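Whatever order the structure lists ligands and atoms in, that order sets their numbers, starting from 1. Quick note: residue numbers are just sequence positions, from 1. None of the values given here were measured: they were computed from a predicted structure. All heavy atoms count here, side chains included; hydrogens, waters and symmetry mates do not.
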Amino acid sequence: MNHAGIFITLEGVEGAGKSTAVAGVAAWFSQRGFEVECSREPGGTPVAESIRQILLTPAAEALAEPAELMLMFAARAQHVAHRIKPALAAGKVLICDRFTDSSRAYQGAGRGMNRTFIETLAKSAEQGLEPNLTLLLDLPVAEGLARAAARRGLSAHDRFERESADFFERIRAEFLHLATLHPRFAVIKAAEPLAAVQAQIYTVLQARFPLIAAVPMGAQHG
Ligand code: T5A
């Protein structure tokens with residue numbers, strides 16, 4: 001790996017609790033004196049956030065699948081170059097709600113797009129970057145969709161939330177498959193109550209970063 005900082009990604013289907021978990025991970029590091037930045041994909045820089053609008057907003061002109069894939073990686077290339085790499089070079093902890101594994105799961109397994117092409121785009125956008133830890137928040141698809149719907153209330157579905165349950169089942173299976181391939185993954189049982197999910201995440205952080213876990217709370221990192 002490639003940098004002074006720590007790069008942590010969170011993955012999972014819609015409503016798995018990633019955004020909620022980001023805050024807990026951030027608190028764990030900042031209480032131990034680290035500077036923390038939280039970001040998300042698609043998005044994270046002004047240009048990447050503009051691309052996010054195109055990707056998530058339903059429009060009369062349907063987005064062609066290769067266009068969706070390449071826009072995900074266009075946003076990622078901006079995010080890596082202008083936000084993630086500078087933060088890591090400055091020794092910060094960068095916590096990101098989704099990263100390339102989402103493209104593998106959604107565009108690869110969900111849409112059935114060519115895996116070799118996805119890896120070629122990943123190599124170009126990531127420029128050698130790889131997460132130190134990927135927290136996979138795993139829960140049954142129906143539960144995730146129900147949580148997302150409850151949170152959304154009366155506002156409209158985004159482009160992805162309109163997809164079928166089968167689409168999300170393929171995505172969940174792909175995330176679990178990726179977790180068997182890459183030791184950087186830790187699988188969190190996200191169907192449990194919030195406090196139990198948080199406890200699992202802290203256990204993983206302690207095991208993966210024992211030297212940081214040993215730092216007294218409130219210490220200055222430097
Ligand atoms: N996408 C993204 C791709 O197709 N390819 C890519 O390469 C990338 C990067 C992003 C969309 O883009 C797609 C995937 C997505 O469809 P988004 O709006 O950012 O769109 O979508 P999500 O990341 O799925 O965000 P969500 O907000 O839907 O899900 P989260 O962040 O997992 O869930 P969260 O934390 O907002 O929680 C949802 C609700 O559940 C509650 C929360 O309070 C909240 O109300 N909750 C719990 N309730 C009970 N028990 C728990 N343990 C709970 N944890 C959270």
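Across Glu126, Glu41, Glu130, Lys123, a single residue satisfies side chain to side chain donor-acceptor pair (under 3.5 Å) together with Thr100, and that is Glu126.
Looking at Phe160 next to ligand 1, no N or O pair under 3.5 Å apart turns up. The distance criterion of under 3.5 Å between nitrogen or oxygen atoms is not met by Pro193 with respect to ligand 1.
Ligand 1 places these atoms under 4.0 Å from at least one heavy atom of Glu192: 50 (N), 51 (C), 52 (N). Remark: ligand 1 atoms within the under-4.0 Å shell around heavy atoms of Ser102 are 5 (N), 6 (C), 7 (O), 8 (C), 9 (C). Each of the following atoms of ligand 1 lies closer than 4.0 Å to a heavy atom of Val197: 52 (N).
At a 4.0 Å cut-off, at least one heavy atom of Arg76 sits close enough to ligand 1 to count as contact. Using 4.0 Å as the threshold, Glu68 has no heavy atom nearer than that to any atom of ligand 1.
Nearest to atom 24 (O) of ligand 1 by heavy-atom distance, out of Arg52, Arg98, Glu41, is Arg98. The residue from Arg147, Arg151, Glu11, Lys18 that puts a heavy atom closest to atom 32 (O) of ligand 1 is Lys18.
Inspection of the His182 and Thr134 side chains reveals no N or O donor paired with an N or O acceptor under 3.5 Å.
A salt bridge links Glu14 to Arg98: at least one charged side-chain nitrogen sits closer than 4.0 Å to a carboxylate oxygen. Salt bridge status for Arg115 with Glu174: present, with a side-chain N to carboxylate O gap under 4.0 Å.
Looking only at protein heavy atoms, the nearest one to atom 31 (O) of ligand 1 is Ser19 OG, 2.5 Å. When hydrogens are left out, the protein atom nearest atom 21 (O) of ligand 1 is Glu14 OE1, 3.9 Å; that is the closest non-hydrogen contact. Of the protein's heavy atoms, Gln107 OE1, 2.8 Å lies nearest to atom 5 (N) of ligand 1. Of the protein's non-hydrogen atoms, Ser103 OG, 2.6 Å is the one closest to atom 7 (O) of ligand 1. Summary of contacts: the protein heavy atom closest to atom 1 (N) of ligand 1 is Met72 CE, 3.4 Å. Distance from atom 33 (O) of ligand 1 to its nearest protein heavy atom, with residue and atom name: Gly17 N, 3.2 Å. In this structure, atom 20 (O) of ligand 1 lies nearest to the protein heavy atom Leu56 CD1, 3.7 Å. The nearest heavy-atom contact from the protein to atom 29 (O) of ligand 1 is Gly15 N, 3.0 Å.
In this structure, the side chain of Ser124 does not engage the main chain of Thr120 through any donor-acceptor pair within 3.5 Å. Put simply, the side chain of Arg172 gets close to the backbone of Leu139: a donor and an acceptor are under 3.5 Å apart. Checking side-chain atoms of Arg32 against main-chain N and O of Trp28 turns up a donor-acceptor pair under 3.5 Å.
The aromatic rings of Phe160 and Phe167 lie parallel to each other, their planes meeting at an angle below 30°, with 60° marking the opposite boundary.
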task: Take His177 and Arg104 through the side-chain contact (heavy atoms from CB on, under 4.5 Å) test and state the conclusion after the steps.
output: CA-CA 11 Å; His177 173 64; Arg104 297 185 173 109; over 6 Å; no
message: Apply side-chain contact (heavy atoms from CB on, under 4.5 Å) to residues His157 and Arg152 and explain how you reach the verdict.
response: CA-CA 8 Å; His157 289 83; Arg152 188 176 55 247; 3.1 Å; yes
task: Show your reasoning for whether side-chain contact (heavy atoms from CB on, under 4.5 Å) applies to Asp138 and Phe175.
output: CA-CA 8 Å; Asp138 179 59; Phe175 277 133; over 6 Å; no
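The distance from atom CD1 of Ile8 to atom CG of Leu205, rounded to the nearest 0.5 Å, is 6.0 Å.
Heavy atoms from both the backbone and the side chain of Thr20 come within less than 4.0 Å of ligand 1. Residue Leu137 does not touch ligand 1, judged by heavy-atom distances below 4.0 Å.
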